[in-house]
Participant: 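The structure is given below, and queries will be raised subsequently.
Not measured: the values here are computed from a predicted model.
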2 protein chains.
Amino acid sequence: MNTVRGARERARIEVTAAIKDEARRRLAAEGAAKLSLRAVARELGMVSSALYRYFPSRDDLLTALIIDAYDSLGAAAEEADAHALAAGAPPRARWIAVCESVRTWALRHPHEYALVYGSPVPGYSAPADTIGPASRVGNVLIGVVRAAYEGRGLALPPLPPALGPEADRMTADFAEGLPPAVVPALVAAWAQLAGLVSFELFGQFKGVVEERSAFFAHAAGQLAHGVGLPAV
Amino acid sequence: MNTVRGARERARIEVTAAIKDEARRRLAAEGAAKLSLRAVARELGMVSSALYRYFPSRDDLLTALIIDAYDSLGAAAEEADAHALAAGAPPRARWIAVCESVRTWALRHPHEYALVYGSPVPGYSAPADTIGPASRVGNVLIGVVRAAYEGRGLALPPLPPALGPEADRMTADFAEGLPPAVVPALVAAWAQLAGLVSFELFGQFKGVVEERSAFFAHAAGQLAHGVGLPAV
DNA sequence: ACCAAAGCAAGAGCAGTGCTCTCGAAGTTG
DNA sequence: CAACTTCGAGAGCACTGCTCTTGCTTTGGT
């Protein structure tokens, strides 16, 4: 692998990266709604039609940015967890560290966060390529809970009987080895985490929450409690 | 009031309403990103420039739709709570009923929900006119918790000392009469509720949660627990 | 080493957009 | 009735995503 296939292929990779970089820059500056292919091309010194050799449409460019954003966020979460783990943190502290890393990443890349967890852009349905990167954060959270479970430090949340089969299916599909009762709570906590971050990022806390960091830390702790990682 | 001020004024009101109606229709059909002033005007048999007599810009039209959406959602939540209250439901059941009503409204008006709780559209900062309607759902939730508190049915969640002053400020600002410890939990629950609905609506649960209704009901119950409305 | 095939940038062009300006017709008010 | 305001229509500007055609450059097989 990594074979040097010639100038052409190398140029294509570089140009593709340059386009994505410039697009990300304009995304950060003006938001997804105003991201224009022509402006990106102009900034790169090429003509707009040339850009279509690399991305067949504006939505394809956005999809590429979405995948990169998922990957970047996923990497941040994984790194935060690895750090906490290396520091000997117990599962609850790891959980909170991951939540904080998601929030920090979102505050640093607001438009990219909006791209992945905000309203989907056009008619649009997420291409299959996105589901892999999209699940990285979820997998980190699953890993933390699994560690708690294997360390006998997991308090099982209640599960209504009506949700039993669904919990079993979820567990088999993407959380093998965990007790089914915790899986719905875990998925809910993931969505709730996104809700907290989105509200802060999208201005819904304006005039409501002022001490955002302290508030978030508290909420992340409550989230941990909800999935069975009680304080001390 | 309701004085008939002449044909002109009446026409203005009717045309404004017609524009919003048509815009809402196109919003539901194609989403906010593709909502075009010209298309709305065309559908109404008027020329695009005439529309600017009623809304000075596209964003102003969107803002009007946002306010209406907040009001519609708020009314749905208030009605759901009133129904539950009239049926003699205890606070916990009222809480869940309100959560369900938000989800139901969102599923019925996905694009309008995305407009208010999704990523903000342009460069954007929410105009002041939106904050009133925006808080109606929150006020309903506050009312439910207040009823529980006054009925001695509220279990106070823990509050870290670091968040004490902020909790006091929040309580004084928009939740007077409630014990400060519950207010941050309440705000967090509100954001988390939006996270649950957004994830379902924006396709984040695709391949993850199948029994969406049962899952949501469970999560809403957990949310109730988190704000101090325990089961039975 | 040559030459056809493929990849590429550029330009023109289409249909559509938000928004501005001007002009004449209509309604409102003294 | 006259002065004034409001409105719809049309033309026009700068911009968008996207397509198509035209030549040039790189590539890969003979």
Participant: Please state how far atom CE in B:Met46 lies from atom P in D:dA9, giving the value in whole angstrom units.
Facilitator: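 Going from B:Met46 (CE) to D:dA9 (P), I get 7 Å.
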Participant: What integer distance in Å separates A:Phe55:CZ from C:dC8:C1'?
Facilitator: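 Atom CZ in A:Phe55 sits about 16 Å away from atom C1' in C:dC8.
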Participant: Name the nucleic acid region contacted by B:Tyr54, choosing base, sugar-phosphate or nothing; use a 4.0 angstrom heavy-atom cut-off, strictly under.
Facilitator: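 Since only primed, P, OP1 and OP2 atoms lie under 4.0 Å of B:Tyr54, the category is sugar-phosphate.
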Participant: Going 5' to 3' through nucleotides 15-21 of chain D, assign each nucleotide B (protein heavy atom under 4.0 Å from a base atom), S (under 4.0 Å only from sugar-phosphate atoms) or - (no protein heavy atom that close).
Facilitator: -BBBBB-
Participant: Counting distance alone, no hydrogens or angles: does the base of C:dT28 have a donor or acceptor under 3.5 Å from a partner atom on the side chain of B:Arg8?
Facilitator: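 Side chain to base: no pair present.
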Participant: Find the distance B:Arg10:CZ to C:dT28:C1' and express it as a whole number of Å.
Facilitator: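 Spelled out: CZ on B:Arg10 to C1' on C:dT28 is 14 Å.
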Participant: What is the distance, to the nearest angstrom, from the CG atom on B:Leu44 to the P atom on D:dC7?
Facilitator: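 Checked: the CG to P distance equals 15 Å.
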Participant: How many whole angstroms separate atom CD of B:Glu9 from atom P of D:dT6?
Facilitator: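 The answer, rounded to whole Å, is 11 Å.
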Participant: Any chance you could lay out the salt bridge (Lys or Arg N to Asp or Glu O under 4.0 Å) test for B:Arg12 and B:Glu9, step after step, and finish with the verdict?
Facilitator: CA-CA 5 Å; B:Arg12 171 163 258 279; B:Glu9 192 151 330; over 6 Å; no
Participant: Taking 4.0 angstrom as the limit, do A:Glu22 and A:Arg25 come out as a salt bridge?
Facilitator: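 Yes, charged N to carboxylate O under 4.0 Å.
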Participant: Rounded to the nearest 0.5 Å, how far apart are OG of B:Ser119 and OH of A:Tyr117?
Facilitator: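 That separation rounds to 13.5 Å.
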Participant: Angle between ring planes, A:Trp190 versus B:Phe205, binned at 30° and 60°: parallel, tilted or perpendicular?
Facilitator: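 Taking B:Phe205 first and then A:Trp190, their aromatic rings sit tilted (interplane angle of 30° to 60°).
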Participant: Check the side chains of A:Tyr113 and A:Ser198 for a donor-acceptor pair under 3.5 angstrom, ignoring hydrogens and angles.
Facilitator: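 Yes, A:Tyr113 and A:Ser198 have a side-chain donor paired with an acceptor closer than 3.5 Å.
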Participant: Taking atom types as modelled, is there a side-chain donor on B:Asp60 or B:Ser57 under 3.5 Å from an acceptor on the other?
Facilitator: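 Judged by distance alone, the side chains do pair up.
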